[in-house]
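No hydrogens, no waters, no symmetry mates; every other heavy atom, side chains included, goes into these values.
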Amino acid sequence: MTSPVSLVLPSTLLLRGPMPGTLGIGLLAPLSGVMGIAGPSIINCAQLAAEHVAERTGFHAELVPIDAGQRPAEVARAVRQLLDARLVQGLVGAHTSDVRVAVSSVVPQEVPYVFTPPHETGPGRPGTVFTGSAPQLQLRRPLEWIIRHHSVRRWALIGGDYVWPQQVHREARRILRALGQEIVMDRFVALGDVDTERLVDEARRSRAEAILVSLVGRDGITFHRDAAEYGANKQFVRLCTALDENCLLAVGGDTTGTLYSAMPSFILQQDDEHQNFLELYLRRFGMIAPLPASYAEGCYDGVLLLAELWMSGLLDSMPPAHAALTLAGDSKSTGPAVVGRPPGGRLARAEGTELVVIEQRSM
């Protein structure tokens with residue numbers, strides 16, 4: 001099909017310059033690194049959303065993909081080049097939070113930067129708009145459900161050594177202690193350096209009954225795949241904060257009944273908005289396209305929100321964070337701008353290669 005959206009490499013755009021009547025969207029997608037498995041579906045969903053924007057506005061849209069799987073400083077440098085040359089009018093990012101911190105430092109306060117994955121809480125910069133789940137909302141109800149249904153009490157926490165898992169652990173410690181649970185292990189590992197055998201041995205020695213896993217992308221895949229080899233998949237209840245359907249497929253699935261994921265969305269959830277999104281995606285890209293899992297669906301919402309900010313006219317008089325809250329009807333908020341679908345709290349159990357949603361009413 002002929003698309004009103006073009007994918008333009010940053011190097012091409014820097015040589016060519018801006019095109020009149022074109023909306024330039026800087027798309028920070030992980031095309032390499034630990035989250036690289038999510039990159040193809042993120043690009044597809046960004047394109048799908050940009051096509052809707054172009055059809056509504058009559059503008060030609062350009063998606064400018066920036067590999068957010070690179071080192072944070074390299075990603076920030078690429079973004080700075082595009083912004084200094086005024087080649088993109090906004091940014092949408094679906095990547096790790098260490099990259100977000102670096103990118104935020106180079107984005108002027110008048111340029112909207114929509115960050116879509118689960119995120120750490122804290123003061124936001126005026127240009128940054130968050131649409132994902134904060135740790136407290138992502139964790140509380142899933143933790144309560146698992147404690148109630150599996151009668152566990154002793155927890156190990158294992159996460160990547162950067163800003164988002166660090167806050168996930170802080171929030172998990174607070175919630176678990178309030179629920180009368182005991183934390184017997186708390187470890188961070190460098191991105192790309194998961195020693196599953198050592199981690200599993202330590203969890204066994206600590207007599208943990210459940211593990212909260214905040215390892216993203218390839219790191220999570222490595223941990224769960226190796227855990228099955230060591231028999232740990234049947235020994236521990238595992239709750240993951242970054243396991244989507246693409247990662248579960250890469251693991252090879254799980255049939256233990258004790259692997260869970262807490263994410264903003266899952267492919268098998270049944271609400272109308274999500275089902276409409278899936279129908280649009282399958283109609284556009286077909287049945288063999290990369291799975292439009294949670295990170296990709298969040299990016300779809302992020303591009304649509306960026307378009308709403310542009311069309312609202314609010315950016316002429318206020319920073320993007322304030323404009324987003326105004327659109328959401330929450331202009332009195334004094335915290336970071338967090339908008340979008342109802343955040344957090346979804347829980348799913350791995351059944352083979354599918355993540356089957358546990359109904360909200362049972363939580």
Side-chain angles (χ1 to χ4, degrees), residues 7-15 24-40 42-43 46 62-132 135 159-170 188-194 214-220 222 242 295 298-299 302-303 306 319-321 336-337:
L7 283 171
V8 183
L9 293 175
S11 56
T12 300
L13 192 58
L14 287 164
L15 288 171
I25 303 171
L27 175 62
L28 280 67
L31 307 177
S32 63
V34 293
M35 280 188 65
I37 191 172
I42 286 171
I43 289 177
E62 288 185 337
L63 281 176
V64 186
I66 301 162
D67 182 7
Q70 303 175 92
R71 293 182 178 181
E74 294 172 348
V75 182
R77 190 178 306 114
V79 169
R80 182 69 175 268
Q81 280 186 309
L82 293 172
L83 292 175
D84 286 350
R86 300 184 183 276
L87 295 174
V88 295
Q89 287 78 53
L91 303 162
V92 177
H95 47 77
T96 55
S97 284
D98 55 342
V99 171
R100 180 194 60 77
V101 171
V103 170
S104 292
S105 69
V106 302
V107 176
Q109 71 172 20
E110 69 273 11
V111 176
Y113 173 24
V114 181
F115 184 70
T116 64
H119 61 88
E120 69 283 358
T121 56
R125 296 174 67 89
T128 305
V129 180
F130 298 92
T131 63
D161 194 8
Y162 71 98
V163 57
W164 174 69
Q166 289 164 4
Q167 188 163 105
V168 169
H169 281 212
R170 284 195 294 272
F188 294 107
V189 298
L191 291 175
D193 189 24
V194 177
S214 297
L215 298 168
V216 300
R218 187 177 63 224
D219 284 351
T222 297
Y295 293 115
C299 188
V303 172
L306 182 61

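The side chain to side chain contact (heavy atoms under 4.5 Å, CB included) check on Ala78 picks up Ile66, with sequence neighbours excluded. Partners of Asp67 under the side chain to side chain contact (heavy atoms under 4.5 Å, CB included) rule, at least two apart in sequence or in another chain, are Leu31, Ser32, Gln70. Legend: residues meeting side-chain hydrogen bond (donor to acceptor under 3.5 Å, both in side chains) with Tyr295, ordered by chain and number and at least two apart, are absent.
Closest approach of Val163 to Ser97, counting heavy atoms only: CG1-CB, 3.4 Å. Taking each heavy atom of Ala29 and Ile43 in turn, the nearest pair found is CB-CG1, 4.3 Å. Contact record, Ile42 with Pro30: CD1-CD, 3.7 Å, taken as the closest heavy-atom pair. The two atoms that bring Ala76 and Val106 nearest to each other are O-CG2, 3.7 Å, heavy atoms only. Shortest non-hydrogen contact noted between Gly192 and Asp219 is N-OD2, 2.9 Å. Here the closest non-hydrogen pair linking Gly160 and Pro165 is O-CB, 3.1 Å.
Contact of the Trp164 side chain with the Val216 side chain is registered, since non-hydrogen atoms from C-beta on lie closer than 4.5 Å. Side-chain contact between Leu87 and Val64: absent, with no pair of heavy atoms (C-beta onward) separated by less than 4.5 Å. No side-chain heavy atom of Arg125 sits less than 4.5 Å from a side-chain heavy atom of Val107. Counting only heavy atoms from C-beta outward, the side chains of Pro320 and Tyr113 never approach each other to under 4.5 Å.
The distance from atom CG of Leu215 to atom CZ of Phe188, rounded to the nearest 0.5 Å, is 10.5 Å. Taking CG of Leu7 as the reference point, atom CG of Leu27 lies at 8.0 Å (rounded to 0.5 Å). In this structure, Thr96 OG1 and His119 NE2 are separated by 15.0 Å, a value rounded to the nearest 0.5 Å. Atom-to-atom distance recorded for Leu91:CG and Thr128:OG1 is 9.0 Å, nearest 0.5 angstrom. Distance NE2/His95 to OG1/Thr116: 7.5 Å, rounded to 0.5 Å.
With hydrogens and angles disregarded, no donor-acceptor distance shorter than 3.5 Å links the side chain of Glu62 to the backbone of Gly24. Listed for the Ser104 side chain is no donor-acceptor partner under 3.5 Å among the backbone atoms of Val101. Side chain of Asp161 to main chain of Val189: no donor-acceptor pair is present (N/O by atom type, distance under 3.5 Å, no hydrogens or angles).
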